[in-house]
Amino acid sequence: MKKRLLRALLVLCALLIIVMVLSFAACGKKAEPTVSSESETAAPTTVSQEKAGRELSLTESSLSVTTWSSPNGATVNLTAVPSEHANGDTAEFVVRLDGENIKTVPCEWKSGAYVASADLNGADGYGYYVTLSGKDGSFAEVAVNTPENPTDESLINLASSLMPYCSVTLNDTALEGDSLTILSGYALVQAPRITGDGDNVACAQANLVMTLDGQEIGRIPLVMAPGEADRSYDATITDLSFTVPEEIGEGQQLVLRLEAELTNGQTLTAQGGSWTAQDGIYSSTVG
């Protein structure tokens, strides 16, 4: 009986030892992490599709002009040096008139500069620009010479610069007997600001000429002084008198005009006023 009791106690002790060993093993084991049913990955870093690019600009630029055989237009030539240049960079010469693009000419890269030429008809109000495009997507537009920020007004107002002209304005006149007097007036001569050979053309002389039915009956020289505009000349007319026939036939006409000669030999004319005999009375038109 004692042997059986002793054997039972030994079995019980063995069972207790096994339970304790298993408990210690369970406590020492780390818990497995919980796995979500949805994949949790880090959001990728967003990369902009537009590269920052370079700051494109010009360090210097110049425009020159080549005249045509006729004064109704000219060729404007561009030379522009960029602040930097890399293979694949390009540029265009853009010309606008009244805000509208009328010429876009691809530039060539020569000797460290962009060059291009544009054939332009005679007009006033041109603006000149250079657009720069980098291979990396960079872009810039640079104003070279514009009506808003002029560097050379002769190229902006191309028609006025190519075409010389003169004008005479009669403000007040008096016709008494055989004397026609210009009491007040103004004469203007504009020499070309753009010439084919680059010469500085000026006003050599100017005269007021009176004609009767196309025949010259009087001539008075004017002293022309440099005006406000480039290569312009003007004179104030005060109390200049012409001797005219006291009586002319019905419909005969007196005409006063300005004649100007330039240093290049060109002659300019402009009518100032006219007087026509009607019923024995001079009827004048001043303009």
Side-chain angles (χ1 to χ4, degrees), residues 44-165 190-201 227-232:
T45 302
T46 302
V47 179
S48 174
Q49 298 301 311
E50 295 182 5
K51 298 182 180 179
R54 295 168 291 151
E55 293 186 4
L56 304 178
S57 63
L58 298 178
T59 58
E60 62 179 278
S61 62
S62 63
L63 296 172
S64 63
V65 62
T66 305
T67 58
W68 300 346
S69 58
S70 60
N72 62 344
T75 300
V76 177
N77 311 299
L78 165 76
T79 300
V81 180
S83 56
E84 59 178 294
H85 181 267
N87 289 335
D89 290 354
T90 60
E92 290 182 324
F93 183 28
V94 179
V95 183
R96 294 179 183 142
L97 182 61
D98 297 329
E100 299 291 332
N101 286 8
I102 61 167
K103 290 281 185 178
T104 301
V105 183
C107 295
E108 294 184 52
W109 180 251
K110 289 184 178 181
S111 303
Y114 289 118
V115 295
S117 297
D119 294 332
L120 303 176
N121 292 325
D124 290 344
Y126 282 116
Y128 304 89
Y129 307 81
V130 176
T131 57
L132 302 168
S133 300
K135 186 179 180 181
D136 63 352
S138 305
F139 179 83
E141 180 179 273
V142 181
V144 175
N145 185 18
T146 68
E148 298 77 20
N149 187 22
T151 58
D152 186 346
E153 291 190 358
S154 66
L155 294 179
I156 293 173
N157 299 316
L158 193 59
S160 300
S161 300
L162 291 168
M163 291 291 293
Y165 61 90
Q190 177 64 63
R193 286 173 282 178
I194 296 176
T195 58
D197 51 15
D199 289 344
N200 188 352
V201 178
E228 294 183 0
D230 181 32
R231 302 190 192 183
S232 69

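Counting heavy atoms from C-beta on, the side chains of Val94 and Val130 never come closer than 4.5 Å. The shortest side-chain heavy-atom distance between Val142 and Leu132 falls under the 4.5 Å cut-off. In this structure the side chain of Leu78 never reaches within 4.5 angstrom of the side chain of Val115, judged on heavy atoms. Proximity of Arg54 to Asp136: side-chain heavy atoms (C-beta onward) are separated by under 4.5 Å at one or more points.
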Q: Dump the intermediate steps for side chain to side chain contact (heavy atoms under 4.5 Å, CB included) on Thr67 and Leu162, then the final yes or no.
A: CA-CA 8 Å; Thr67 58; Leu162 291 168; 4.1 Å; yes
Q: Kindly determine whether Arg231 and Ile194 satisfy side chain to side chain contact (heavy atoms under 4.5 Å, CB included), including the steps that lead there.
A: CA-CA 10 Å; Arg231 302 190 192 183; Ile194 296 176; over 6 Å; no
Q: Could you walk me through whether Val76 and Val95 pass the side chain to side chain contact (heavy atoms under 4.5 Å, CB included) test, one step at a time?
A: CA-CA 10 Å; Val76 177; Val95 183; over 6 Å; no
Q: Could you walk me through whether Thr75 and Ser117 pass side chain to side chain donor-acceptor pair (under 3.5 Å), step by step?
A: CA-CA 7 Å; Thr75 300; Ser117 297; over 6 Å; no
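Relative orientation of the Tyr114 and Trp109 rings is perpendicular, given thresholds of 30° and 60° on the angle between their planes. The aromatic rings of Phe93 and Tyr128 lie parallel to each other, with less than 30° between the two planes, well short of the 60° mark.
Salt bridge status for Arg193 with Asp152: absent, with no side-chain N to carboxylate O gap under 4.0 Å. Glu141 has a carboxylate O that lies under 4.0 Å from a charged side-chain N of Arg96, or vice versa, which qualifies the two as a salt bridge.
Counting heavy atoms of neighbouring residues, nucleotides and ligands inside a 6.0 Å radius, atom CD of Glu153 does not exceed 12 of them.
A donor-acceptor pair shorter than 3.5 Å cannot be found between the side chains of Asp230 and Ser154.
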